[in-house]
Structures are given as C-alpha cells and as structure tokens.
Amino acid sequence: MTTKTSPEITPSIVDAVGEAWVLRFPRFGEEGTHYHTYGLLTPYFKGLSEGRLLATRCVNPHCPISRGNGELWLPPRADCPDCHQPMVWKPIESPRGSVYAYTYVERGGSGLELPCPYYQIDVRIAGVCTIPKSYLVGPGPIKIGDGVRACFRTGAQATHTCLDLYWVRE
Ligand SMILES: [Zn+2]
C-alpha cells in the first residue's frame, strides 16, 4: 500500500487572461482537451504552484455570521457564502493537520491522474472551518487522526490543478 512519491501527472497548460488563469488540459488527448478558468480563485492555484497554501476569510463587519472576523475557508471561496461579499486571501503558514476521514482508492475512474492505489484524505486543519479533501503520498496503512503536513508540486512539477497540493504523514 504505497503511493508513489512523485506521481507523473500531465501538467495543464496555463494561459493568463487578465488576473485569471485559463487552463488547457488534454485529459483525453488533443480531441478531448478540457478548458476551464479558475477565475477569482486563480490565487489559490497559483499559490499551490509556488508552494503556498492560501485560504480566504470574510472580513465584512456587517456579515451576519463572521461579523468581520471570519474563519478560514479551504478550498477558498471568492465570496462569503453568508454575506456574499468578497473574501480576503490569507496564507496558512506551515500547513499541518490530521486525517479526519479517508478512502483507500484501488481503482480510479477514467481520467484520474493519480496512480492507484492511493489514499484520498479529508484533512482537519486548525483555524479552518472546512475539511478539505486531498490525497496522501507515502506508505500506508493510515488511521483517523494521523498527523499530516502539506506538500506541493511546484515549478516544473506543478500541474496547475488541485493535485499540486498533497499531504505526507508527520
Ligand atoms: Zn461574510
């Protein structure tokens, strides 16, 4: 039960349109190229490719829930789900967490970029009000509560997708 340390993942091609990234991902060959934009969430994906984990939080003093002191959201939201105002970006320094839940994936679906088997994990992070889903690189077995720390695929290794964030056990 070992996930490869450095899975070979085809990187997406990034085009910048203003501040937003638009990706071209030949997931199923040239005829099956997938296009999409990260729009206002571009800083998150750009941050991953630079080795930084960026969350968002609401600082609107009129927000009915956060009252201007919102918790961190990860994956980030461009706008607060409670007051619908723009959130602000906040880096998480030395991101660490614990395994909240996991799934051992033996067979992935069509188009899955990760080599199987691997552990898909949900990570509880102090100060973050959401429990983001990601994946673990390294040997198993694992158990609920195991400590993990974030790692990133950066530079030439970056895929410019959510796969640029992964976790290893402490
Ligand atoms: Zn709000």
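Keep in mind that the numbers below use all heavy atoms, side chains included, and drop hydrogens, waters and symmetry copies. Read the numbers this way: they start at 1 and go in the same order the structure lists the ligands and their atoms. Because the structure is predicted, anything quoted here is derived from the model rather than measured.
- Between Gln85 atom CD and Cys63 atom SG the span is 9.0 Å, to the nearest 0.5 Å.
- Looking at Glu71 and Arg57, no side-chain N of the basic residue comes within less than 4.0 Å of a carboxylate O on the acidic one, giving no salt bridge.
- Aromatic ring pairs are classed by plane angle as parallel below 30°, tilted from 30° to 60° and perpendicular above 60°; the pair Tyr104 and Tyr119 is tilted.
- Closer than 2.8 Å to the Zn ion (ligand 1) sit the protein N, O or S atoms Cys58 SG, Cys63 SG, Cys80 SG, Cys83 SG.
- Taking the six-membered ring where tryptophan is involved, the planes of His36 and Tyr38 are perpendicular, since the angle between them exceeds 60° and thus also 30°.
- With a 4.5 Å cut-off on side-chain heavy atoms, Val14 and Trp21 count as touching.
- A donor-acceptor contact closer than 3.5 angstrom links the side chains of Thr159 and Asp164.
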